[in-house]
Student: 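My questions will all concern the structure given below.
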Amino acid sequence: MAGLDLSHLIDFNSTFGALFIGFGASSLAFGVLSMQSYSYFRRYPGDVWWYKCLVAAIWIMELVDQALIGHAVYFYVVSNWGEATALLEGPIWSLIVQVTLGATVGAIVKVCFGMRVWRFSKHNIPVTMLIMLGTLASLAAAFLFTVRAFQIPSIARVGELKLVGSIALGLGMATDVITSAALCYFLRGLKTGYQRDDSIVNTLTLYAINTGVITSAISLSTLVLYDLMPTNFVFMAFYFVLSKVYANSFFAALNTRRSVRGRGTEGDHTTVPTFLMVGQTTNKEVHVDPIYSVQSSAGNRSNGDFSPRMEVPREPPISTMPPLHYAQAW
């Protein structure tokens, strides 16, 4: 095959060029992920060990994922630059393994957000099971795609795996939409009528919508490009970024919690959590100062005028608050 000249039949911009652009975009996303992981360990040193292990594991998996992408891009763009015959050979192993690794990271994040729905919905089993089953089905389809990708004789024939790939991407996108819709629906039930709590609910709702829209948009773009143009690598450029978007959304959810004594906590006795907590209903009771009541009853009843002072109890200072840890919500 070394003597074949297929350069006039191959569009290097949509093949090798798309791989290079995808590698650059995924590198940028991984940089943002690294900053978020550093911020997490710096702001929440008191989180439980398994929470830290989860964050570290996701970051390490994304590091390996980025290394696999770099290896595949180097193979096609540097080692075989201008060699169209490289597209007639089987796909490089790193490009195939990266598909499974990226799908695994996405599945972990979806399970975490599924647990979030579980708490916000007060243990709604049907909705939570639907999210979990969709996540597992999408991951299983990604594993099947990986196995079959090792069997195709040429990377140019990756279009033959369109059915399996479309199922994996479609299930992932549907799971994102269901998760976002469920969060928006159940968050409405957390409104208390107090402006402070309701503003947090609105913020969380907006965040859930934005997260679902971004991940769903990238999944849909990858799906459409793969179905319409399976012979080029444009869809791969979008898929390179997809798992890092999932990881960044999860890290952002962790980092938006308030930090008290280095632990992820609300810090305030409100109804609404920022990530997983579902607090108790806010009670703003009005109490009569008993000391003032006694004094007032003695000094003012003789005048027929009794007007005790009404006080709203203040929250205790942070130093006296018991730690409310987010791990309790799992």
Side-chain angles (χ1 to χ4, degrees), residues 1-27 29-30 61-62 64-107 137-173 218-245:
M1 292 185 180
L4 295 177
D5 183 13
L6 303 177
S7 58
H8 61 286
L9 300 177
I10 303 297
D11 184 4
F12 290 106
N13 293 321
S14 60
T15 52
F16 297 151
L19 284 179
F20 181 76
I21 294 175
F23 174 70
S26 63
S27 298
F30 180 72
M61 292 175 68
E62 284 299 333
V64 176
D65 180 83
Q66 188 63 19
L68 293 174
I69 295 174
H71 178 270
V73 171
Y74 188 89
F75 175 80
Y76 287 108
V77 176
V78 179
S79 300
N80 292 279
W81 172 251
E83 295 291 337
T85 54
L87 301 178
L88 300 179
E89 302 174 355
I92 190 66
W93 66 270
S94 55
L95 190 63
I96 301 176
V97 175
Q98 183 272 332
V99 174
T100 302
L101 191 58
T104 302
V105 173
S138 177
L139 182 61
F143 273 100
L144 179 60
F145 182 92
T146 300
V147 172
R148 295 189 58 184
F150 277 109
Q151 300 173 354
I152 58 177
S154 171
I155 192 174
R157 298 175 61 180
V158 71
E160 298 178 1
L161 307 179
K162 184 185 299 185
L163 177 60
V164 179
S166 299
I167 292 176
L169 292 170
L171 286 173
M173 181 180 63
I218 297 179
S219 297
L220 179 61
S221 300
T222 307
L223 176 61
V224 171
L225 291 172
Y226 183 39
D227 288 339
L228 296 180
M229 298 182 293
T231 57
N232 59 40
F233 297 161
V234 177
F235 69 94
M236 294 185 187
F238 282 84
Y239 189 80
F240 287 167
V241 183
L242 182 58
S243 66
K244 294 171 181 57
V245 172

Student: Residues two or more places apart in sequence or in another chain: which of them pass ring-ring contact (aromatic ring centres under 6.0 Å, His included) with Y226?
Tutor: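 Expected list: F235.
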Student: Does any part of the side chain of L242, heavy atoms only, come nearer than 4.5 Å to the side chain of S219, both counted from C-beta?
Tutor: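 Sidechains of L242 and S219: in contact.
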Student: According to side chain to side chain donor-acceptor pair (under 3.5 Å), who are the partners of S154, at least two apart in sequence or on a separate chain?
Tutor: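 Residues passing side chain to side chain donor-acceptor pair (under 3.5 Å) with S154: none at all.
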Student: Looking at residues at least two apart in the chain, or sitting in another chain, which of them share a side chain to side chain contact (heavy atoms under 4.5 Å, CB included) with T231?
Tutor: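 So T231 forms no side chain to side chain contact (heavy atoms under 4.5 Å, CB included) with any residue.
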Student: By salt bridge (Lys or Arg N to Asp or Glu O under 4.0 Å), which residues pair with R157, not counting sequence neighbours?
Tutor: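 With neighbours one apart ignored, the set is E160.
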Student: How many angstroms lie between atom CG of L225 and atom CG of L220, to the nearest 0.5 angstrom?
Tutor: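 The distance works out to 9.0 Å.
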Student: Which residue pairs pass the side-chain hydrogen bond (donor to acceptor under 3.5 Å, both in side chains) test when at least one of the two sits in residues 138-148, sequence neighbours left out?
Tutor: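 Qualifying pairs: T100-T146.
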Student: Do I69 and F30 make a side-chain contact, defined as non-hydrogen atoms from C-beta onward lying under 4.5 Å apart?
Tutor: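 Counting from C-beta outward, I69 and F30 never come under 4.5 Å.
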Student: I155 and E89: side chain to side chain contact (heavy atoms under 4.5 Å, CB included), yes or no, with the steps?
Tutor: CA-CA 6 Å; I155 192 174; E89 302 174 355; over 6 Å; no
Student: With sequence neighbours left out, which residue pairs that include part of residues 65-74 fulfil the side-chain hydrogen bond (donor to acceptor under 3.5 Å, both in side chains) condition?
Tutor: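 Qualifying pairs: S26-Q66, S27-Q66, D65-Q98, D65-K244, Q66-K244, H71-S94.
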Student: With sequence neighbours excluded, tell me which residues meet ring-ring contact (aromatic ring centres under 6.0 Å, His included) with Y76.
Tutor: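 ring-ring contact (aromatic ring centres under 6.0 Å, His included) list for Y76, sorted by chain: empty.
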Student: Where do A149 and P91 come nearest, in terms of heavy atoms and distance?
Tutor: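 The pair with the smallest heavy-atom distance is O-CG, 3.7 Å.
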Student: Holding to side chain to side chain contact (heavy atoms under 4.5 Å, CB included), I want the full list of residues that pass it with V147, two or more places apart in sequence or in another chain.
Tutor: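 V147 satisfies side chain to side chain contact (heavy atoms under 4.5 Å, CB included) with Q151 only.
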Student: For F16, give me all partners under ring-ring contact (aromatic ring centres under 6.0 Å, His included), at least two apart in sequence or on another chain.
Tutor: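 Checked F16 against ring-ring contact (aromatic ring centres under 6.0 Å, His included); matches are F12.
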Student: Mind running side chain to side chain contact (heavy atoms under 4.5 Å, CB included) on V97 and F150 for me, showing each step along the way?
Tutor: CA-CA 10 Å; V97 175; F150 277 109; 4.2 Å; yes
Student: Pair S14, M229 - check side chain to side chain contact (heavy atoms under 4.5 Å, CB included), show working.
Tutor: CA-CA 10 Å; S14 60; M229 298 182 293; over 6 Å; no
Student: Which distance, rounded to the nearest 0.5 Å, do you find between the CG of L95 and the CG of L19?
Tutor: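 Reported to 0.5 Å precision, the distance equals 7.0 Å.
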Student: Output all residues satisfying side chain to side chain contact (heavy atoms under 4.5 Å, CB included) with A107, sequence neighbours left out; order by chain, then residue number.
Tutor: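 Applying side chain to side chain contact (heavy atoms under 4.5 Å, CB included) to A107 gives T135, L139.
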Student: So T15 and F20, side chain to side chain contact (heavy atoms under 4.5 Å, CB included) or not? Walk me through it.
Tutor: CA-CA 9 Å; T15 52; F20 181 76; over 6 Å; no
Student: Who pairs with D227 by side chain to side chain contact (heavy atoms under 4.5 Å, CB included), at least two apart in sequence or on another chain?
Tutor: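 Partners of D227 under the side chain to side chain contact (heavy atoms under 4.5 Å, CB included) test: K162, S166, L223.
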Student: Is the shortest side-chain heavy-atom distance between V158 and F145 below 4.5 Å?
Tutor: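 With C-beta onward as the side chain, the pair touches.
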Student: Looking at every non-hydrogen atom in both residues, tell me the closest pair between F75 and N80 and how far apart they are.
Tutor: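 Taking F75 first and N80 second, the nearest heavy atoms are O-ND2, 2.8 Å.
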